[in-house]
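Here is the naming used below: chain letters follow the sequence lines, and residue numbers restart at 1 for every chain. Predicted model, so just to flag it, every value in this text is computed and none were measured.
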There are 2 protein chains.
Amino acid sequence: MSVRKKLRDSAQSDALCLEEFLPYRFSVLTNRISRHLAKAYEKQFGITIPEWRVIANLARFAPMTASDVADKSSMDKVKVSRAISRLLKAGLIARDTDVTDKRRGQLRLSKAGEDVFEEIAPLALGWEADLLAPLSGEERRTLNDIMNKIQTVLDDAGA
Amino acid sequence: MSVRKKLRDSAQSDALCLEEFLPYRFSVLTNRISRHLAKAYEKQFGITIPEWRVIANLARFAPMTASDVADKSSMDKVKVSRAISRLLKAGLIARDTDVTDKRRGQLRLSKAGEDVFEEIAPLALGWEADLLAPLSGEERRTLNDIMNKIQTVLDDAGA
DNA sequence: GGACATTAGTTTCAGATGAAACTATTAACT
DNA sequence: AGTTAATAGTTTCATCTGAAACTAATGTCC
């Protein structure tokens, strides 16, 4: 048996099987969830996920700047800037230039934006509840721990 | 107090907090992992994640058609088609038209493709091991159960 | 055999994406 | 004050994306 063949066999038995490969599984699962939610946000409220993230952050932390939103939402500033510009055009948020620093814009939800948030929030929590429905309390706690631990690995890896 | 205000207060206390919202957490975590791996695949082997998925599937299941790859890899046929065309151009895979059905192309890794797979596979398993390192055996089993359960929810929801 | 539907795979088109360049403003240093 | 560096946010550009249209081959029904 050739060295090459041996190597391949060992790689195969050490089993890099895509279906069991964690990054792949995370990716497939997350994309399914995101696509599902994106469709619902778009269909029922005409907004995208980045826009929804801006709204959800403003609902909790307004007034805040675009940079604040970018930090809080794990989105880059380009995506945030575009989401903000669409939301301004749609009248769901308002922006006041910061008096003490004219580079900054202080953002907040408009009345219409608050209405949208109040409509979406319970739906979103319902979808989350559906996803978690088959999990025991113990499993939910473990999932939380696991995600925190993996986040820490990524933080430490500078990723 | 207005009905509207009451509603808003209740929404806030029922706490849709983005940082704790499961779809958001999955999305952030997965994107970090994917970006990290994509950078490594690109830098070290000059391939993208879709291309890597095609390679990993062919390594295990060749010969298979583009449709087979699409099914196995949870990628749409457009993405698969593009990955295949790049891999053909790079000489990492080969395609023979199926004699019994000339629409189909039977795909397999070339020698160079096998070499790439054998180089990447142990690295990929190493990265996975790094992610899982802080988890106990119990937690790993639970994570597996959890992902299966959530997948089932999505299957049942037709998502 | 010929009309119609289906399937495999590619191409097109209309956005979405993000790195890098850019503008406007503020901060820091001399 | 004046020059330089840093920051907030936008725009550009080259690439990625996926739905829909398309081509080519096969299957189905009469």
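Here D:dT17 presents its C1' atom at 15 Å from CD of B:E51, a figure rounded to the nearest Å. If you measure from atom NZ of A:K79 to atom C1' of C:dG15, you get 14 Å, rounded to the nearest angstrom. Rounded to whole angstrom, the span from the CZ atom of B:R86 across to the P atom of C:dG9 amounts to 17 Å. For B:D98 and D:dT26, the CG to P distance is 9 Å, given to the nearest whole Å. In this structure, the CD1 atom of B:I47 is 14 Å from the P atom of D:dC16, given to the nearest Å. If you take NZ of A:K39 and P of D:dG18, they are 12 Å apart, rounded to a whole angstrom. Counting to the nearest Å, the P atom of C:dG18 and the CZ atom of B:R35 are 6 Å from each other. Counting to the nearest Å, the P atom of D:dA8 and the CG atom of A:D68 are 9 Å from each other.
Of the possible polar contacts, one joining the B:S110 side chain to the B:L92 backbone as a donor-acceptor pair under 3.5 Å is found. Looking only at distances, a side-chain donor or acceptor of A:T152 sits under 3.5 Å from a matching main-chain atom of A:N148. In terms of modelled atom types and a separation under 3.5 Å, the side chain of B:T142 and the main chain of B:E138 share a donor-acceptor contact. The main-chain N or O of B:L135 is found under 3.5 Å from a side-chain atom of B:R140 such that the two form a donor-acceptor pair.
When distances run from any side-chain atom of A:R82 to the nucleotides D:dA6, C:dG9, D:dC13, the shortest one goes to D:dC13. Among the nucleotides C:dG9, C:dT25, C:dG18, the one closest to the side chain of B:R95 is C:dG9. Of the listed nucleotides (C:dA21, D:dT26, C:dG9), C:dG9 has the atom at the smallest distance from the side chain of B:K77. Closest approach to the A:D76 side chain among C:dG9, C:dT17, C:dG18 is made by C:dG18 (side chain taken as heavy atoms from C-beta onward). Listed nucleotides C:dG9, D:dT11, C:dT25 differ in distance to A:S81; the shortest reach to its side chain belongs to D:dT11. Taking the side chain of B:V78 as heavy atoms from C-beta on, and the options C:dT11, D:dT26, C:dT17, the nearest nucleotide is C:dT11.
The base of D:dT26 has none of its N or O atoms less than 3.5 Å from a complementary donor or acceptor on the side chain of B:R103.
For B:T65 and A:T100, each mapped to the nucleotide of DNA chain C holding its nearest heavy atom, the one lying further toward the 5' end belongs to B:T65.
Residue A:K102 places no side-chain N or O under 4.0 Å from the OP1 or OP2 atom of D:dA8. Contact annotation: A:S85 side-chain N/O to D:dT10 OP1/OP2 distance is not under 4.0 Å. For A:S67, a side-chain nitrogen or oxygen approaches OP1 or OP2 of D:dG9 to under 4.0 Å.
The ring of B:Y24 has its center no closer than 6.0 angstrom to the ring center of A:W52.
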